[in-house]
Amino acid sequence: MEKLYGKLNSVGVSSLVMGILTVIFAIGVGTVMIINGGRLLAGKKDIIF
């Protein structure tokens with residue numbers, strides 16, 4: 001029974017860590033996308049067809 005609790009604990013901790021890392025990664029990617037989108041919109045006026 002203690003092996004089960006140990007496995008549940010390790011799986012729970014690893015899931016929590018992976019969730020936190022995913023949130024941090026998503027915030028970073030979202031920030032980069034917003035910055036790049038702003039640059040594209042700002043540079044739109046320089047395009048001549």
Checklist outcome for this item: Joining Ile, Leu, Val, Met, Phe, Trp and Tyr whenever any side-chain heavy atoms lie under 4.5 Å apart, the cluster holding Val11 also takes in none

Checklist entry - Which residues, ordered by chain and number, are linked to Ile35 in its hydrophobic cluster, where ILVMFWY side chains connect at heavy-atom gaps below 4.5 Å, directly or through other members? => result none

Checklist entry - What distance separates Met33 CE from Leu40 CG, expressed to the nearest 0.5 Å? => result 11.0 Å

Checklist entry - From Thr31 OG1 over to Asn36 CG, what is the distance, rounded to the nearest 0.5 angstrom? => result 11.0 Å

Item to check | Ser10 (side chain) donor-acceptor with Lys7 (main chain) under 3.5 angstrom | outcome: yes

